[in-house]
Amino acid sequence: MSQRTPRRYLMCPPTYFRVTYSINPWMDPAKPVDPALALLQWEDLRDRYRALGHTVEILQPLPGLPDMVFAANGATVVDGRVLGARFANAERTAEAPAHREWFLGRGFAEVHDPVHINEGEGDFVVTASWLLAGRGFRSSPLSHAEAQEFFGRPVIGLELVDPRFYHLDTALAVLSGDDIMYYPEAFSPGSRAVLAHLFPTALTATADDAAALGLNAVSDGLHVLLPAGAGGLFRPLHDRGYEPVGVDMSELHKAGGSVKCCTLELRD
């Protein structure tokens with residue numbers, strides 16, 4: 001039976017969230033963002049986490065960094081060890097030192113400044129047995145070996161082939177342990193075969209649910225918070241013993257992010 005485990009998350013308010021440039025297919029500067037609505041949606045997600053008994057820490061946003069709301073991209077934390085991010089696009093470069101400063105100021109003793117490009121939990125997904133690592137659009141394949149050496153965990157590289165799913169966390173989510181859900185068509189044939197081999201009982205998403213960013217989800221082992229528009233995933237999740245919780249993150253979707261993008265897990 002699925003069981004909730006209390007989690008600790010880092011989030012960053014969308015104070016300066018706008019779509020002023022385009023670094024993925026979702027972003028169109030010609031489509032206006034409603035900042036007030038984005039803040040309400042973000043606050044709703046934060047409050048849901050707290051109502052479920054989880055701790056939410058806050059990273060203060062900085063002007064000029066509209067994508068900083070996507071806190072998941074700033075680092076990967078496993079066993080209290082922090083692998084920082086190194087962003088692929090110049091527009092987001094300054095987010096990395098802001099995250100690093102936060103971790104150093106909160107007593108995290110092992111904070112590694114990476115040599116190779118990785119975008120945190122955008123492309124690193126932690127299961128019980130593996131560190132899954134995306135590549136193809138943002139993170140460098142060289143970051144996989146760097147992460148394996150730092151964390152001492154086996155890293156499985158996965159090739160992303162659809163630009164809509166530019167980060168691994170837009171195409172795959174951990175439900176609990178080694179139970180995952182993913183969208184097969186976001187991956188190369190070889191990576192699909194690896195996923196099928198490692199996770200033969202995984203839940204696979206339809207094209208419609210993937211396009212609703214339904215895989216950009218956060219699970220505490222029981223509750224699965226995911227975009228409300230990914231309705232096709234609700235029944236399969238329920239049948240597996242999970243409690244799906246639909247969340248409206250429509251304003252954040254305009255930049256290609258949703259529940260998981262806004263949520264960095266602090267695995268102490």
Side-chain angles (χ1 to χ4, degrees), residues 1-7 9 11 14 25-26 37-38 40-54 56 69-72 121-122 125-128 132 134 158 160 162 164-187 192 195-196 198-265:
M1 181 177 179
S2 301
Q3 188 171 7
R4 181 191 74 91
T5 303
R7 309 294 174 108
Y9 299 127
M11 298 181 68
W26 302 84
L37 180 56
L40 284 173
Q41 292 175 350
W42 180 90
E43 289 176 335
D44 177 55
L45 178 61
R46 178 202 61 195
D47 293 346
R48 286 174 186 265
Y49 286 142
R50 289 175 172 168
L52 291 171
H54 305 305
V56 178
V69 62
F70 300 125
E121 283 197 343
V125 174
V126 182
T127 79
L132 306 180
L158 299 168
L160 296 162
D162 186 330
R164 295 175 300 163
F165 308 106
Y166 57 93
H167 275 157
L168 183 59
D169 72 352
T170 64
L172 183 151
V174 178
L175 299 172
S176 65
D178 284 330
D179 192 18
I180 70 167
M181 61 178 181
Y182 69 101
Y183 177 51
E185 285 73 16
F187 298 91
R192 289 201 299 269
L195 287 167
L198 293 179
F199 308 102
T201 63
L203 170 60
T204 54
T206 65
D208 286 345
D209 289 327
L213 287 174
L215 285 311
N216 197 243
V218 172
S219 175
D220 63 12
L222 174 61
H223 309 97
V224 181
L225 286 78
L226 73 166
L233 288 169
F234 282 52
R235 174 54 60 182
L237 286 167
H238 186 268
D239 290 345
R240 286 171 176 251
Y242 298 103
E243 295 183 14
V245 180
V247 184
D248 182 5
M249 301 291 286
S250 56
E251 286 305 296
L252 284 305
H253 287 196
K254 293 177 179 178
S258 190
V259 176
K260 175 56 192 169
C261 285
C262 292
T263 312
L264 174 62
E265 185 167 352

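Small disclaimer: the values here were computed from a predicted structure and weren't measured.
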Report yes or no: does [X] contribute a side-chain atom to a donor-acceptor pair with the main-chain N or O of [Y] at less than 3.5 Å?
X: Asp178; Y: Ala128; answer: yes
X: Trp26; Y: Arg164; answer: yes
X: Thr204; Y: Tyr182; answer: no
X: Arg235; Y: Leu233; answer: no
X: Asn216; Y: Asp169; answer: yes
X: Gln41; Y: Ser250; answer: yes
X: Tyr49; Y: Thr263; answer: no

**Asked** Can you name the side chain to side chain donor-acceptor pair (under 3.5 Å) partners of Arg48, sequence neighbours left out?
**Response** Asp44
Closest approach of [X] to [Y] (non-hydrogen atoms, all atoms of both residues):
X: Val56; Y: Arg50; result: O-NH2, 3.2 Å
X: Pro184; Y: Ala205; result: CD-O, 4.1 Å
X: Leu168; Y: Leu160; result: N-CD1, 3.6 Å
X: Gly122; Y: His167; result: O-CB, 3.4 Å
X: Ala173; Y: Ala217; result: CB-O, 4.1 Å

**Asked** Run the side chain to side chain contact (heavy atoms under 4.5 Å, CB included) check on Glu243 and Leu237 step by step: do they pass?
**Response** CA-CA 7 Å; Glu243 295 183 14; Leu237 286 167; over 6 Å; no
About how many Å separate [atom2] of [Y] and [atom1] of [X], when rounded to the nearest 0.5 Å?
X: Glu185; Y: Phe165; atom1: CD; atom2: CZ; result: 9.5 Å
X: Phe234; Y: Asp239; atom1: CZ; atom2: CG; result: 13.5 Å
X: Leu40; Y: Glu251; atom1: CG; atom2: CD; result: 10.0 Å
X: Leu215; Y: Asp209; atom1: CG; atom2: CG; result: 8.5 Å

Quick one, [X] and [Y] - any side-chain contact, counting heavy atoms below 4.5 Å?
X: Gln3; Y: Leu222; answer: no
X: Pro227; Y: Met249; answer: no
X: Cys262; Y: Leu45; answer: yes
X: Val174; Y: Val126; answer: no
X: Phe187; Y: Leu172; answer: yes

**Message:** Asp179: which residues meet the side chain to side chain contact (heavy atoms under 4.5 Å, CB included) condition with it, sequence neighbours left out?
**Reply:** Leu175, Ser176, Arg240, Tyr242
**Message:** Between Leu225 and Val247, does the side chain to side chain contact (heavy atoms under 4.5 Å, CB included) criterion hold? Intermediate values first, please.
**Reply:** CA-CA 7 Å; Leu225 286 78; Val247 184; 4.3 Å; yes
**Polar contact flag, side-chain donor to acceptor under 3.5 angstrom, Asp208-Thr206** = no
**Item:** side chain to side chain contact (heavy atoms under 4.5 Å, CB included) between Val218 and Leu226, intermediate numbers included
**Value:** CA-CA 7 Å; Val218 172; Leu226 73 166; over 6 Å; no
**Stepwise side-chain hydrogen bond (donor to acceptor under 3.5 Å, both in side chains) check, Tyr183 with Thr170** = CA-CA 9 Å; Tyr183 177 51; Thr170 64; over 6 Å; no
**Asked** Excluding sequence neighbours, so at least two apart, what forms ring pair (Phe, Tyr, Trp, His ring centres under 6.0 Å) with His223?
**Response** none
**Request:** Step by step, work out the side chain to side chain contact (heavy atoms under 4.5 Å, CB included) result for Ile180 and Thr127.
**Result:** CA-CA 8 Å; Ile180 70 167; Thr127 79; 4.2 Å; yes
**Message:** Going by side chain to side chain donor-acceptor pair (under 3.5 Å), Glu265 matches just one of Arg7, Lys260, His54. Which one?
**Reply:** Arg7
